[in-house]
Number of protein chains: 2
Amino acid sequence: MVAMPGKERLSKERIIDAAARVADRGGINAVTMRQVGSELGVEAMSLYHHVSNKDALLNELSEWLFRKIQIPNVDARWRDALSERAHSASEVLRAHPWGLGMLESRPQPGQSQLRHYDSMMGRLSEAGFSATLATTAFATVDAFVFGFVLTESTLPFDPATGAEQEYADEVGLDESEFPHLARTLGDLFSSGHYSFGDEFSAGLTILLDGIERRLLGE
Amino acid sequence: MVAMPGKERLSKERIIDAAARVADRGGINAVTMRQVGSELGVEAMSLYHHVSNKDALLNELSEWLFRKIQIPNVDARWRDALSERAHSASEVLRAHPWGLGMLESRPQPGQSQLRHYDSMMGRLSEAGFSATLATTAFATVDAFVFGFVLTESTLPFDPATGAEQEYADEVGLDESEFPHLARTLGDLFSSGHYSFGDEFSAGLTILLDGIERRLLGE
DNA sequence: ACCTGAACACCGTTCAAGT
DNA sequence: ACCTGAACACCGTTCAAGT
């Protein structure tokens, strides 16, 4: 048998990459053994020679994604380290929003997560954080990042395009039913350049300020 | 025909309640038309007389869940209002962790969400928040809550039982590979009563302190 | 008006069979 | 050693049929 054109050997790596492409196109529900197989020009059953089942494939996919989050520089000051982690994580998750839906059903922090924890605990303890405060700080920043991207992904407009106002107009919020909300939105848009995406750094700054205050008070 | 024992008339409400029970038992993936039907002693096809399809049912289920989050008292001070919202939301989501997985794939804030936004904007603007700061404050607290419960749900131990140490021992973290992490965990557990669940109020306090600082500085 | 059975195009997974 | 076809028990959904 001659090698077929465009048909390389299967491997775990190629399967995970294919699964990621399928998820990027159609969300996590599109990731079926049959779809991933067809992305590779192969029957679904062939995948079972390289991953033990679908659940294992999803675990690998989750690791694949979280490995993309950058580990902050060893020389970074604590504030930069937390901030870099937050920005890198939010970028990765924004590019692959299906990752959040996976978090809930995947168990266990994987190797890539542990490497992140370890590195961050190193930076923070060097900066004088107690074990407790370091844990709180990291957990809080991570929770904020995950939750923010999750919220963002449910918005009915794309925050990147700044179409917030068009959306609000379109919905035609009932002013008598939601007076406070209507006024707030009016105020936001009257400035002419409100973007929900900016809330990310605003929230992160509030968080880091809160952590700094706690650090100095310890 | 005589009414069958235990077989009341179907209704949208009964279907949503049944779907919630199925999700509580088996997670969101267990919510299939056939499973929900069988929970009600009825064929899957019968459901289509009351909900247009599965997607509509999941939207109703999402509304059902978010309606459970308490709207803070009108007289509450801003800090209490945000704190009550955070605690109520985290309780509801902790009791029904499948709700988070739904957020990502559900579009649109529903009526119950809008009511919350409106009420909170009312409390915050009375307390002197600008529209921008009010939005940032609410978005940040919500992101933190969602993200925290999401993180918590991926932990391999139940934070309510305080079995953190047993887990850490069991994993047998490689001290040479993750030295900082190992030391941090050692410090945490040496106090004898570390509980990850406590990170919630610790993080929330940091957040509220950060918001207060911003409010006074405006 | 409300419920159902059969049917269709999908799933994950097993297993025996091909090369 | 690696891939596949047929099969099984599941999905969501349609549609014609029952009461």
Side-chain angles (χ1 to χ4, degrees), chain A residues 1-62 64 98 101-102 104-107, chain B residues 1-62 64 98 101-102 104-107:
Chain A
M1 275 296 128
V2 194
M4 312 247 320
K7 249 195 177 176
E8 295 155 62
R9 243 166 172 324
L10 272 188
S11 70
K12 197 186 268 191
E13 284 65 38
R14 290 191 63 220
I15 292 175
I16 298 166
D17 284 353
R21 286 195 301 275
V22 172
D24 284 342
R25 274 203 310 269
I28 198 67
N29 287 330
V31 181
T32 68
M33 298 303 271
R34 281 162 159 102
Q35 284 285 314
V36 174
S38 115
E39 174 80 16
L40 292 161
V42 118
E43 297 300 314
M45 304 76 200
S46 307
L47 307 179
Y48 286 85
H49 276 271
H50 302 91
V51 293
S52 52
N53 54 31
K54 187 185 180 182
D55 214 56
L57 172 54
L58 291 180
N59 280 331
E60 300 274 7
L61 188 56
S62 165
W64 176 91
W98 44 266
M102 293 190 58
E104 190 241 325
S105 39
R106 296 302 102 200
Chain B
M1 277 294 127
V2 193
M4 312 251 317
K7 251 197 177 178
E8 296 155 61
R9 239 164 174 328
L10 272 188
S11 70
K12 197 186 266 195
E13 284 65 39
R14 291 191 63 222
I15 292 175
I16 297 167
D17 284 353
R21 287 197 300 277
V22 172
D24 284 344
R25 274 203 311 268
I28 199 65
N29 287 331
V31 181
T32 68
M33 299 301 271
R34 280 162 160 104
Q35 284 284 314
V36 174
S38 115
E39 174 80 15
L40 292 162
V42 115
E43 297 299 317
M45 303 77 201
S46 307
L47 307 179
Y48 285 85
H49 276 270
H50 302 90
V51 292
S52 51
N53 53 30
K54 188 184 178 183
D55 212 56
L57 173 53
L58 290 181
N59 280 331
E60 299 274 6
L61 188 56
S62 166
W64 175 91
W98 43 267
M102 293 190 56
E104 192 241 324
S105 39
R106 295 303 102 198

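Every chain is numbered from 1, with letters handed out A, B, ... down the list of sequences.
B:Ser46 has no side-chain polar atom (N or O) that falls below the 4.0 Å cut-off from OP1 or OP2 of C:dC2. Applying the 4.0 Å criterion to OP1 and OP2 of C:dT13, one finds that A:Tyr48 has a side-chain N or O inside that range.
Between B:Met102 and B:Leu58, the shortest heavy-atom contact is CE-O, 2.9 Å. Taking each heavy atom of B:Leu57 and B:Ala19 in turn, the nearest pair found is CD1-CB, 4.3 Å. The nearest pair of heavy atoms linking B:Ala20 to B:Trp64 is CB-CH2, 3.6 Å.
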Dot-bracket for DNA chain D: what is it, with Watson-Crick or G-U pairs under 3.5 Å, [ ] where a pair crosses earlier ones, and | for a pair to another strand? ||.|||||...|||||.||
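If you take CG of A:Asp55 and P of C:dT13, they are 8 Å apart, rounded to a whole angstrom. In this entry the distance linking CZ of B:Arg14 with C1' of C:dC2 reads 14 Å, nearest Å. In this structure, A:Leu40 places its CG atom 16 Å from P of D:dC2, rounding to the nearest Å. When rounded to the nearest whole Å, the span between CG of B:Leu47 and P of D:dG12 equals 10 Å. When the C1' atom of C:dC3 is taken as reference, atom NE2 of B:His50 falls 10 Å away, rounded to whole Å. Atoms CD1 (B:Ile15) and C1' (C:dC3) sit 12 Å apart, rounded to a whole Å.
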For a quick test of your reading: what N or O donor-acceptor pairs under 3.5 Å do the side chains of residues 26-38 of chain B make, sequence neighbours left out?
from: B:Thr32; atom 1: OG1; to: B:Gln35; atom 2: N; distance (Å): 2.9

Checking A:Val51 against A:Ile16 for the side chain to side chain contact (heavy atoms under 4.5 Å, CB included) test, could you report, in this order, the C-alpha distance in whole Å, the side-chain angles of both residues, the deciding distance, and whether it holds? CA-CA 10 Å; A:Val51 293; A:Ile16 298 166; 5.7 Å; no
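Taking CG of A:Leu40 as the reference point, atom OG of A:Ser11 lies at 8.5 Å (rounded to 0.5 Å).
Under the salt bridge (Lys or Arg N to Asp or Glu O under 4.0 Å) criterion, B:Glu60 pairs with B:Lys12, not counting sequence neighbours.
The side-chain hydrogen bond (donor to acceptor under 3.5 Å, both in side chains) analysis of residues 42-54 of chain B, with sequence neighbours excluded, yields no pairs.
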Using a 4.0 Å cut-off on protein heavy atoms (strictly under), produce a 5'-to-3' string for nucleotides 6-11 of chain C with B for base contact, S for backbone-only sugar-phosphate contact, and - for none. BB---B
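Side-chain N/O atoms of B:His49 and base N/O atoms of C:dC3 include a donor-acceptor pair closer than 3.5 Å.
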